[in-house]
Amino acid sequence: MSGMKIIKNWDYKDEYKTHRKEILDIVDKVFSSGRLILGSRVEEFEKAFSLYCGVDYGVGVSSGTDALFLALKTLGIGSGDEVITVSNTAVPTVAAIRAAGAVPVFVDVEEDTFLMDVRKIEMIITPRTRCIMPVHLFGQSVEMDPLLDIAKRHGLKVVEDCAQAVGALYKGRKVGSFGEIGAFSFYPTKILGAYGDGGMAVTSDKCLYEKLRRLRFYGMEKEYYSEEEGYNSRLDEVQAAILNFKLKTLDESALKSRNIAEIYSKELSSVGDMEIPVIRDDRTHQFYLYTIKTSHRDALMVCLKEKGIETRINYPTPVHLMNGYRFLGHKKGDLPITERLAGRILSLPMYPGLSINDVEKVVFAVRHFFK
């Protein structure tokens, strides 16, 4: 592969090259301001992002994992409480539940969308269940109306894991605005990515907002005095300023990703033993990832690598089968659809800066493999 151009699965360098002057100017202004932590840039971004999501308040924190963790702590969910979520997710979803002292209870997913199968939730509710944590995976929303109906009937809280779905719509409404709290990640690869780490918890409940603000800063409302036990989880001024700049073009960037997805879907819809992503009629998919399914996944991945095309498996091992969570007592076969998908899914290159020429090369290589 020496000298071969690599089509990356994700890359930020073209974006940085385009906006380098603006970003460096933003950074310089922050460094010259004399305020690096919890200043006006964080406040400005919190207001702008919560408005974008269609909620009243936002609290910037140090990561998406902390946004989930602090959301659970704010809702009083802790030791012995059960939180229903999925195993077909990134580890941070489950790590946040465990950090709060709660127990993750897994529900299987839909075969075609990879999303939480809401129809199976009520089968696993117990007297200890306190919360449902839907994961809006790969850029598409979980079916929220029936989920909210279940939560209301059983007196459960809803914390949305929106790490992969900033701006995704369900029936015209943005994710993060449905539950008590929505949690977002600004990890660099995300739809709205920082040049470092960061996250935000959003809500329209003023009391929850005020508690979130305290918990992210040692339980303090004023300096050197803790009102309650809290933590250190603060979005810094530099990342907030950069994110606020990028938020202005977020919809434009997301449209580029959706256009790339349209090309993939049009060109690959009838190719061999392969299934393209399914988009529900009542949703707008942001395509954080473009994830196909095929029983020839491993061979296809090798073939594309040989042609200089990077792909990724999101996620090769469901969380419930990982050694780190063996203590939860799960075994192979507990979540059959989740486990089957783990052996078939493959994410093709997808990010707004991906050139149409590179998209066409990926399409050609995939079609050629299945000939």
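For the numbers below, each heavy atom of this structure counts, side chains included, while hydrogens, waters and symmetry mates do not. Everything quoted here is computed from the prediction, not taken from an experiment.
- A cation-pi arrangement is absent between K361 and F364, since the terminal nitrogen or guanidinium carbon is not both under 6.0 Å from the aromatic centre and inside a 45° cone about the axis.
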CA sep, side-chain torsions, deciding dist, call: D236, R41, salt bridge (charged side-chain N to carboxylate O under 4.0 Å, His left out): CA-CA 9 Å; D236 72 66; R41 274 81 176 182; over 6 Å; no
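- Between H330 and F106, the distance separating the two ring centers is shorter than 6.0 angstrom.
- A cation-pi arrangement, defined by a distance under 6.0 Å to the six-membered ring centre and an angle within 45 degrees of its axis, is absent between K73 and Y231.
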Full working for ring-ring contact (aromatic ring centres under 6.0 Å, His included) between F45 and F186: CA-CA 12 Å; F45 179 55; F186 305 125; 5.4 Å; yes
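- Side chain of S226 to backbone of Y218: a donor-acceptor contact under 3.5 angstrom is found.
- Cation-pi check for R234 over F217 is not met; the charged atom does not lie both under 6.0 angstrom from the ring centroid and within 45 degrees of its normal.
- Of all heavy-atom pairs between L354 and V359, the closest is CD2-CG2, 3.6 Å.
- Side-chain N or O atoms of H154 include none that pairs as donor or acceptor with a backbone N or O of L156 at under 3.5 Å.
- Side-chain atoms of S347 and N314 include a donor-acceptor pair closer than 3.5 Å.
- L243 and L36 end up in the same hydrophobic cluster when Ile, Leu, Val, Met, Phe, Trp and Tyr side chains are linked at under 4.5 Å.
- The backbone N or O of K331 lies less than 3.5 Å from a partner atom in the side chain of D334, making a donor-acceptor pair.
- Partner N88 forms a side-chain contact (heavy atoms from CB on, under 4.5 Å) with one of V109, T93, V135 and no other, that one being V109.
- At least one side-chain heavy atom of F138 sits less than 4.5 Å from a side-chain heavy atom of F114.
- Side chains of K190 and L192 form no contact here, defined as non-hydrogen atoms less than 4.5 Å apart.
- A donor-acceptor pair under 3.5 Å links the side-chain atoms of K174 to the main chain of Y52, judged by distance alone.
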